[in-house]
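See below for the structure under consideration.
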Amino acid sequence: MIKNKFFILLASAALLISGCKKELDISPTDTIDPDRALQNLDAIRLGLNTAYARYGRINTMYISSLLSDETKFGPDNGGSGQFDFRYQYGSDGTTGGNVISAFGNLYSMLDMVARLMEKVDEVPGEEAQRPIMKAELLSLRAIGHFELLNWYSKPYNAADPLGVPILLQSCLTCKPARNTVGEVMTQIEADIAEAKALFPNVTAGFDDLRLNKLSLTAFEARVALYKSEWQRAVDLATTVISSGIEPLVSGAAYQGIWTDANTNETLFRLRYENNAAVGNLWTAVSGNVIFSPSDKLTASYSANDVRLNAFIGVGPTGGIGAGKRFVNKFFNSSRGGRIVDVKAIRTAEVYLIRAEAYAELNNLVAGAADLNFLRERRITGYVNQTFGDKAALINAVLDERFKELAFEGFRFFDLKRRNLPVQRLASDVDSPNWQTLSAGNDRFTLPIPASEFLANPNMVQNPGPY
C-alpha cells in the first residue's frame, strides 16, 4: 500500500462549493484534536456522516451535463456555467470555478477519511460496527480517488505519470507529486478488496444511504468498465443483478424514483433532506430555467418512453413559464421544489455496464438481452432488437446510457473514456465554436486548480490551455 501523505491548502475560496467554506477550510489552528473529538465509535460515525456529505457527486452531475450534449442554455440563464458550456474554462476561480471544484472537495473528503481511519481501530465502541465503519471509509476512499482520476487524468493508462496524488494520511505540510494512474488504481482496488472483506453480505432492505457490499460491487463494476476489463465487468455486474435486490421496475414505479416517492433500483444515494442543491443546478427554486435539456436529448426519447416525461418537463407547471423546457428528473419531491436525493449508483447502470462489456466480448446475444430487458421496462410496446455486429451493439448501449443516465454525471466521462467527441446539435448552441469538442481534446482532462500550485510546488498541471 502506498504510504503517501497528503494535504491540500485551500488557498482560494473558488475551490469551494457555495456554503461549504467553513466546513472545508483546513489549517493548523482551526481543527479539533482528533484525540479529543474521536474518542469512541459513535464519534467515528458522526465523522463518517461528514465524509459522506463531502462526497460531491453533484459536482460531477453538473460538469458532465454542461460539458456534454445533455443541456443547452435555458431561457432564464444570465451567464451561469457559460465558461464551462463554451469550453472556455481555465484553472483559475473566475473561469474555472466549476471544473476545479472537485479537486478541493474530494480531497477534503479524503482528508476526513484519513483522520477517521487513524482512529477507527483503536477507539471503544460496539465491536460489530467497527468493521462496517472501516469498510465504509475504505469505500469512500476508493470512490474519491476514482472520481479524481476521472476528472483530472486522461483515459485509463496505467503508465501515465499524471494520475492524482494518493491521500492516505492527513498531513499539514506535505507537498506530494502526482502518482501514476496505475498506482492510484492499485490503491483503489486494494481499498475495494479490503472493504468487501469487511462488509457483511447484503440482504433485502439494506440501508441505501450507506455504502455496503452490494453497492460497492456495483461501483467496482464501474471501475472495471473504466479500465476496459470486460470479463471482470460482466462478472461483477452479474453478482449485483443476480442478487435480486433492487431489480428494474417500470411505469409509475420508475417515475417515483425521481420524486423520491420510492427508492426503487437505488443501490446508493445521497440524502438531501431540505437542500435544493441538486435540482437547483438546472432550474432555480424561483422557477427560472438555467439549463434546459438539449434538443438532442429530448429527441432521443420516443413518445411511449416513460423517461420522456420523467426526465423532461414543459411549463407551465411548478412556477415554470409556459413553453419552457426544464429538467424534470430532479425537480420536485414531497419535501419541496428541487429537494431531491442523488442516486449515486443504480441497478440500471449495472445492466448497461454488463451490456457494454458483453458487446466488447463479442457476446452479442447476452449484450442485446441486457439492453432489451432495460428498454422493455422503459418503453411501452417495445420490440426486442438484434444486432449484427459488435460496433452496432456498443453504439446502442452508449445511446441508452445517454438516455437512461441523463444528468446523473456520466455522459461527458463516457465520451472521454470511449475517445468520442462531444457533438451538439446546432439548435443546442449559440455559436458553432462550441458545437463540437473533438475526440481526445485536452479539455476532456480538467485543470488542476491554479491555487494548488501556490501550496504545492511539486504539482504538475495537465496539458491544455490552462
Show me the side-chain donor-acceptor pairs of residues 238-249 shorter than 3.5 Å, one per line, residues at least two apart or across chains.
residue, atom, partner, partner atom, Å
T238, OG1, V234, O, 2.7
T238, OG1, R354, NH1, 3.1
T239, OG1, D235, O, 3.1
S242, OG, T238, O, 2.8
S243, OG, V240, O, 2.6
S243, OG, I245, N, 3.2
E246, OE1, E265, N, 3.0

Residue pairs meeting ring pair (Phe, Tyr, Trp, His ring centres under 6.0 Å), one or both in residues 444-466, sequence neighbours left out, come to F412-F444
Who pairs with F331 by ring-ring contact (aromatic ring centres under 6.0 Å, His included), at least two apart in sequence or on another chain?
F326
Residues at least two apart in sequence or cross-chain that pass salt bridge (charged side-chain N to carboxylate O under 4.0 Å, His left out) with K213, listed by chain then number, are none
In residues 154-165, what donor-acceptor pairs under 3.5 Å come from side-chain atoms, sequence neighbours left out?
residue, atom, partner, partner atom, Å
N157, OD1, A159, N, 3.1
D160, OD1, L162, N, 2.9

Is it possible for you to check whether R378 lies under 6.0 Å from the centre of the six-membered ring of Y254, through NZ or CZ, and within 45° of that ring's axis?
yes
Counting only pairs under 3.5 Å, give me each side-chain donor-acceptor contact of residues 270-278, with atom names and distances, residues two or more places apart or in other chains.
residue, atom, partner, partner atom, Å
R271, NE, E273, OE1, 3.1
R271, NH1, D341, OD2, 3.0
R271, NH2, E273, OE1, 3.4
N275, OD1, A277, N, 2.7

Within 45 degrees of the axis of the six-membered ring of F85 and under 6.0 Å from its centre: does R424 put its NZ or CZ there?
yes
Quick one: list whatever passes side chain to side chain contact (heavy atoms under 4.5 Å, CB included) with A135, sequence neighbours left out.
A195, L198, F199
Contacts of E126 that satisfy salt bridge (charged side-chain N to carboxylate O under 4.0 Å, His left out) - sequence neighbours left out:
none
Side-chain donor-acceptor contacts of residues 279-291 below 3.5 Å, not counting sequence neighbours, with atom names and distances?
residue, atom, partner, partner atom, Å
N280, OD1, V285, N, 3.3
W282, NE1, S65, OG, 3.3
S286, OG, N288, N, 3.4

In chain order, what residues pass the salt bridge (charged side-chain N to carboxylate O under 4.0 Å, His left out) check against R86, with sequence neighbours excluded?
D430
Once ring-ring contact (aromatic ring centres under 6.0 Å, His included) is applied, do any residues pair with F410, and if so which ones, sequence neighbours excluded?
none
For R307, enumerate each residue passing the salt bridge (charged side-chain N to carboxylate O under 4.0 Å, His left out) test, keeping only those at least two apart in sequence or located in another chain.
D305, E400, E404
